[in-house]
2 protein chains.
Amino acid sequence: MPLFPDRPTAPVRRDGDGPLWSSLVTQSRPRIIPEATVARLAVYLRVLAGLADGGRTHVSSGELASAAGVNPAGLRKDLSHLGPCGVRGVGYSVAGLRGRLTEVLGGEQPRACVLVGIGRLGSALADYSGFASRGFEFVGLLDADPRRVGERVGGLSVRPVDDLETVVADSQASIGVITTPADVAQSVCDRLVAAGVRSILNFAPVALSVPAGVDVRKVDLSVELQVLAFLDQQRDGAGQLPTAAGGAR
Amino acid sequence: MPLFPDRPTAPVRRDGDGPLWSSLVTQSRPRIIPEATVARLAVYLRVLAGLADGGRTHVSSGELASAAGVNPAGLRKDLSHLGPCGVRGVGYSVAGLRGRLTEVLGGEQPRACVLVGIGRLGSALADYSGFASRGFEFVGLLDADPRRVGERVGGLSVRPVDDLETVVADSQASIGVITTPADVAQSVCDRLVAAGVRSILNFAPVALSVPAGVDVRKVDLSVELQVLAFLDQQRDGAGQLPTAAGGAR
DNA sequence: CCGACTTTGTTCAGGCGTTCACAAGCGGCT
DNA sequence: AGCCGCTTGTGAACGCCTGAACAAAGTCGG
């Protein structure tokens, strides 16, 4: 039972038992990948996609790190969790590393997602092309408001929230996205979990309670703005020297 | 120059020089508040607002922590950065703590925000009531698409992106929100910074480069989904015992 | 007025993540 | 074929953040 679930820090257990990499290059099984590293791997994957589109065949850790906004040494350490995937003196093969990351992150096969709460934010997510291109497919859009039911959003038509269990069962959806008002988020979450969903992305401003074995990630837009406001106030109240503060590259 | 800007970990310098709390209760100046703590303080503030609406006058750390989804000890530690604001044996005054948090987080006076990129996500943010109620006011909605200019979203009409400098200067906006496509995000960011914006919330899937003294927070929706996909795959590939994995409450 | 219970605030220890610095390995050039 | 330079991968140290236990303090009851 993590005590600060908002900012997950616990490392992640993976299967595999070998103290060393599997002798076969494919199907090697690292044992633990920190969750912070996983998030960055997803960023590297996107950068690599852009590089591949540009016709690049090789990248150095420095260049990749610069594009991703991280430290080169940190990038190499992140990649070391996947086993050796670069060539010393040369760099990383764009195609090779891209494939390896896709494999590790589970992007080989498309994952079915259901989205509950088709307000403006929900509509925006349903329509976001960045998901489909990364192997995520929305198979159900649900809303409690009868006026929204039947609307077509991003190629799907909105269904009543009562169909939740049916949709999840039929599509074998493994990821649920909650963009409902806060007061109904927990009940929606409970129904998703009961229906078999084990990964939930929550945009509602509440802390969801889920049983063990279910993962929740929370995106809280108000919190992001408020952190910025705090930093703002801090700057205003502190010394007026802009050179003293450290900033991102 | 933080090397892993995505998950900020560096503590935050505040002004003030006294080794102890200021003798006056008001205007006390803690010296350092970790950024992770600031993010949680915003969550506590929201929970307190709900409690106040419910008519509650006092809360214990345990109850507040439960509602926020964190450990009671951690919550008390977070609050200790603000100086003593509870009563031993009783708990925290809802109104008092709420006021203190509002003060520390800079919510006393409304902050002007400009939003660039009025697509579906931008429209959703412009219309989100959760911002206005927390002291954030959008004073400018900008888009490069002439067809969107003039649209009314959330009480404002969309203006051409060429007005960016004018809008920022007139409104003295301190926060900029970028919801543009990735390829123009950096140029929009540069213009915002040049116009005087020092805090940026970036939804575009790129690492923005900003000079020192400017803070950037990034929200990457694809990354969130991909982390969930990884956890999913991990569960599927690993042992089938759901009791073995630890889950959030 | 005194005692005991409740709850805060603080201190200590542990774990994780980040960072730096060095050795190992590979390609290209002479 | 041998040497040089470049890049990866790894090992160790540092620091922050998290988690739990203890003491201080205030209130309620007798």
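All values derive from a computational prediction rather than experimental measurement. Hydrogens, waters and symmetry mates play no part in the numbers below; they use all other heavy atoms, side chains included. Naming: A, B, ... by sequence-line order, numbering from 1 per chain.
Between C:dC26 and A:Tyr92, no contact under 4.0 Å exists linking OP1 or OP2 to a side-chain N or O. The phosphate of D:dA20 has OP1 or OP2 within less than 4.0 Å of a side-chain N or O from B:Asn71. Side-chain N/O atoms of A:Arg40 include one lying less than 4.0 angstrom from OP1 or OP2 on C:dT18. Residue A:Ser61 has no polar side-chain atom (N or O) positioned under 4.0 Å from OP1 or OP2 of D:dT7.
Taking 4.5 Å as the limit, some side-chain heavy atom of A:Ile33 sits within range of a side-chain heavy atom of B:Phe230. Counting heavy atoms from C-beta on, the side chains of B:Leu82 and B:Leu101 come closer than 4.5 Å.
Here C:dC12 is the nucleotide among D:dG11, C:dC12, C:dT8 with the atom lying nearest to any side-chain atom of B:Lys77. Looking at the side chain of A:Ala73, the nearest of the listed nucleotides C:dC20, D:dT18, C:dG9 is C:dC20.
Residues B:Arg111 and B:Gly106 come closest through the heavy atom pair NE-O, 3.4 Å. The two residues B:Thr180 and B:Ala185 make their nearest non-hydrogen contact at OG1-CA, 3.6 Å. The two residues A:Cys85 and A:Leu97 have their closest heavy-atom pair at SG-CD1, 4.0 Å.
In this structure, CD1 on B:Ile175 lies 9.5 Å from CD on A:Gln226, to the nearest 0.5 angstrom. In this structure, the separation between CZ on B:Phe203 and OH on A:Tyr128 is 11.5 Å, given to the nearest 0.5 Å.
The CG atom of B:Leu64 sits 12 Å away from the P atom of C:dG9 (whole-angstrom rounding). Spacing between atom CD1 of B:Ile33 and atom P of D:dC16 amounts to 15 Å, rounded to whole angstrom units. Atom-to-atom, CZ of A:Arg76 to P of D:dT7 comes out at 10 Å; the value is rounded to the nearest Å. Computed from coordinates, the A:Leu75 CG to D:dT7 P distance equals 14 Å when rounded to whole Å. When rounded to the nearest whole Å, the span between CD of A:Glu35 and P of C:dG17 equals 9 Å. Rounded to a whole Å, the CG atom of B:Asp78 is 12 Å from the P atom of C:dG9. Atom CD in A:Glu63 sits about 16 Å away from atom P in D:dC6, given to the nearest Å. Note: NE2 (B:His81) to C1' (C:dT8) measures 15 Å, nearest angstrom.
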Legend entry - Nucleotide-resolved protein contact map, nucleotides 23-30 of chain D, B/S/- at heavy-atom distance under 4.0 Å: -BBSS---
